[in-house]
Peer 1: 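Dropping a structure here in structure tokens format, bear with me for questions.
Counting convention: from 1, in listed order, for ligands and their atoms alike.
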Amino acid sequence: MKNLFKNIAITFLVFASLLAIFGFWQNNQAKDNSIAINELVEKINNNEVKNIEIDGSSVNITLTDDSKKQMQKEPGQPFSELMTNYGVEGSALAQVPVEVKKDSSGSIWMITLLQIGLPLLFIVGFIWFMSKQVQGANSKAMTFGKSQVRDSSKLTGKKITLKDVAGMKESKEEVTEIVEFLQHPKKFIALGAKIPKGVLMIGPPGTGKTLLARAIAGEAGVPFFLISGSEFVEMFVGVGASRVRDLFQKAKKASPCIIFIDEIDAVGRQRGAGLGGSHDEREQTLNQILVEMDGFEATTNVIVIAATNRPDVLDPALLRPGRFDRRVTIDLPDINERYEILKIHAKGKPMEEDVDLRHVASRTPGFSGADLGNLLNEAAIWAARHNKKKISQRDILDSIEKVLLGPERKSRLFSDKEKEITAYHEAAHALVAHILPNTDPVQKVSIISRGSAGGYTLKMPEKDKHYRTRSEFIEDIAVSLAGHAIEKSQFGEVSTGPSGDLRSVSQMARAFVMQYGMSDNLAPRSYGHREEMVFLGKEIHEKRDYSEKTAQLIDEEVSKIVNDAYDMAQNILKEHKPVLEKIVKVLLEKETIERDEFAKLADGKEDKSE
Ligand code: ADP
Ligand code: MG
Ligand code: ZN
């Protein structure tokens, strides 16, 4: 539609300027030193005319004093006839040389033609154009089976290469191989090696899967076709499959190239799982992908890269040799990688001297590449909003909490009673976390509302952790329950505050028993497996692979763990009640306690230092 208006506007402008030019030209001709017919007649009779030149409808007269005059006559009418009609004496006229220029009365026709023809042309063109537009819309409707793929390497002006991807050393090494396949396929074919067709990138969201795929294409200098799995799942059955066909056709034409299927789990889910209409559609789409990949010849230099964060739900047929048999696993970045990623994202952002990205990296375990990018962006926005010229370390550190918990909501008003409950609640979390030996250190306690939380206790590991031990699990459950425990003992009843805590407690306790085999009273195996069903939205369905009796045992075990952890929390809170009261007092006063001050408070050293 935008195009349509643009085109109309352009046509109109051209037309208008043509009109203007003609008007100007005609005016020009008419205005300068024109002479009236009777004046001319008089001048001819007085022998004041040197010669006359007739050029179509315009008559150019040179007088005896060499001045030039001009007159218009009707085209087609002979000049002599005109003169005689106005009473020129034949003898006088005979003395004036009259020169008739080549009959340019054609030009009058040209002008007439243009004056009539142009608008006509404009109207016809407009109609033609409109009909084309309608056809275009029609044909768009007819081709929605065509994939809406874009060769994104051309779209994103800037070329991304492996240099733009920080960290993930191993993954990058693996993909350099793919770059070589794309660049020098003959080298491999000569040795009888089959070039892999499919590469599956596995990793949590935001870890740079899309980025890496783009970088491969950029590094190899080949086109990059991007399509998202969810785009395949459309309303009409059969569309997905035809899109796949079309996509592969386009890609083969552009070979060597990369097809990137983002979120392949949206189509590549185990066939036969799930209910509802979309499931047939997925199955057909998936089948078509498999058929296309099987149809690649040894010389088809197209590599399909798919990304997912749920490799567990993928159909095994996708993972067979000759399909997505290469895997590239991308993990959340470790501290060094975070440092590298931060450095990349810090480019183009002016920073104060005091900024220490290494320290930022140490404060952000569990952050993905996307989170880190977001963090620096938030810091830049914050600095800009406060009219600073450079980003300071404080801006970045403050943004960590914003990224983690949402923006501060200082305007949310709490009654004194609510504030007191929140202070006790958060102080309890923090104190229990501080006392128990296997929990992460407390970075910050606050009763300022953030996101949906009334207050928060920020714990963060010192180092990156890849595993959690059994004792860490139990202690984490105890920390989560501390809020509930203190509300009950301090106020005699519990508020709705701890509902979020309780949800995570259930999750942790169930995982403890059912996934990790950490319970002493049950055989160390996994119980049940989760399956997502796509049926009127997403639903998690747990498939039971154990008996009713075991189910009961699991419930008992979960309750036991939760109760033990609750006792643990309660005992700590009772034993350290004076310290707790001190923390609450400071919290109500200052609203936020930072790590070092909190450690002093909790260790009871605060009196000496002051
Ligand atoms: P995914 O596809 O895994 O969800 P993306 O590739 O879309 O993640 O990453 C989102 C953004 O996060 C990227 O555009 C990039 O800015 C940033 N990012 C993620 N990982 C890295 C990395 N290793 N190096 C640099 N930037 C990264
Ligand atoms: Mg992605
Ligand atoms: Zn809580």
Peer 1: If you measure from atom 4 (O) of ligand 1 to every heavy atom of A215, G206, S171, which option wins on shortest distance?
Peer 2: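 Comparing heavy atoms across A215, G206, S171, the nearest one to atom 4 (O) of ligand 1 lies in G206.
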Peer 1: Just by distance, with hydrogens left out, do N377 and H345 show a side-chain donor and acceptor under 3.5 Å apart?
Peer 2: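 The answer is no; no qualifying pair exists.
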Peer 1: Can you measure from CD1 (I305) to CG (L200) and round to the nearest 0.5 angstrom?
Peer 2: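 If we round to the nearest 0.5 Å, I305:CD1 and L200:CG are 10.5 Å apart.
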Peer 1: How close does the nearest protein non-hydrogen atom get to atom 8 (O) of ligand 1, and which residue and atom is it?
Peer 2: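 Heavy-atom neighbour on the protein nearest atom 8 (O) of ligand 1: G208 N, 3.2 Å.
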Peer 1: Can you tell me how far apart CD1 (I264) and CG (N309) are? Round to the nearest 0.5 Å.
Peer 2: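 With rounding to 0.5 Å, CD1 (I264) is 12.5 Å from CG (N309).
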Peer 1: Which heavy atom of the protein is the closest neighbour of atom 2 (O) of ligand 1, given with residue, atom name and distance?
Peer 2: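 So the nearest neighbour among protein heavy atoms is T210 OG1, 2.6 Å.
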Peer 1: If we ignore angles and hydrogens, is there a donor and acceptor under 3.5 Å between the side chains of Q393 and D354?
Peer 2: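 Per modelled atom types, Q393 and D354 side chains form no pair under 3.5 Å.
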Peer 1: If you measure from each non-hydrogen atom of M168 to ligand 1, which part falls under 4.0 Å: side chain, backbone, both or neither?
Peer 2: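 The answer is the side chain of M168.
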Peer 1: How close does the nearest protein non-hydrogen atom get to atom 14 (O) of ligand 1, and which residue and atom is it?
Peer 2: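 Going by distance alone, atom 14 (O) of ligand 1 is nearest to L211 CD1, 4.3 Å.
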Peer 1: State, to 0.1 Å, how close V442 and H434 come at their nearest heavy-atom pair, and which atoms those are.
Peer 2: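 Looking at all heavy atoms of both residues, the shortest contact is CG2-N, 4.5 Å.
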Peer 1: Return the residue, atom name and 0.1 Å-rounded distance of the protein heavy atom closest to atom 26 (N) of ligand 1.
Peer 2: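 The answer is H345 NE2, 3.1 Å.
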Peer 1: Would you please say whether a donor-acceptor pair under 3.5 Å links the side chains of E426 and T457?
Peer 2: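 Their side chains do contain a donor-acceptor pair, which is all the 3.5 Å distance test asks for.
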Peer 1: Taking both backbone and side-chain atoms into account, decide whether H429 has an N/O/S atom under 2.8 Å from the Zn ion (ligand 3).
Peer 2: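 So H429 does bind the Zn ion (ligand 3) by this criterion.
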Peer 1: Around atom 23 (N) of ligand 1, find the nearest protein heavy atom and jot down its residue, atom name and distance.
Peer 2: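 The answer is A166 O, 2.8 Å.
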Peer 1: Ring centres of H484 and Y566 under 6.0 Å apart?
Peer 2: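 Centroid distance H484-Y566: below 6.0 Å, so yes.
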Peer 1: Hey, would you say the F224 and F260 ring centroids sit under 6.0 Å apart?
Peer 2: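 Yes: the rings meet the under 6.0 Å criterion.
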Peer 1: Return the name of the atom in D501, of element N, O or S, nearest to the Zn ion (ligand 3).
Peer 2: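 Result for D501 and the Zn ion (ligand 3): OD2.
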Peer 1: Looking just at side-chain N and O atoms, do D501 and S480 make a donor-acceptor pair shorter than 3.5 Å?
Peer 2: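 Side chains of D501 and S480: no pair found under 3.5 Å.
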Peer 1: Tell me the protein heavy atom at minimum distance from atom 18 (N) of ligand 1, and give that distance in Å.
Peer 2: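 That would be G369 C, 3.7 Å.
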Peer 1: Measure the distance from atom 10 (C) of ligand 1 to every protein heavy atom, then report the residue, atom name and distance (to 0.1 Å) of the closest one.
Peer 2: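 Going atom by atom, the protein heavy atom closest to atom 10 (C) of ligand 1 ends up being A370 CB, 3.8 Å.
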Peer 1: For ligand 1, is there an atom lying under 4.0 Å from some heavy atom of D164?
Peer 2: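 Checking ligand 1 against D164, which is what was asked, there is a heavy-atom contact under 4.0 Å.
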Peer 1: List ligand 1 atoms under 4.0 Å from T207, heavy atoms only on the residue side.
Peer 2: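 Near T207, meaning under 4.0 Å from one of its heavy atoms, ligand 1 has 3 (O), 8 (O), 19 (C), 20 (N).
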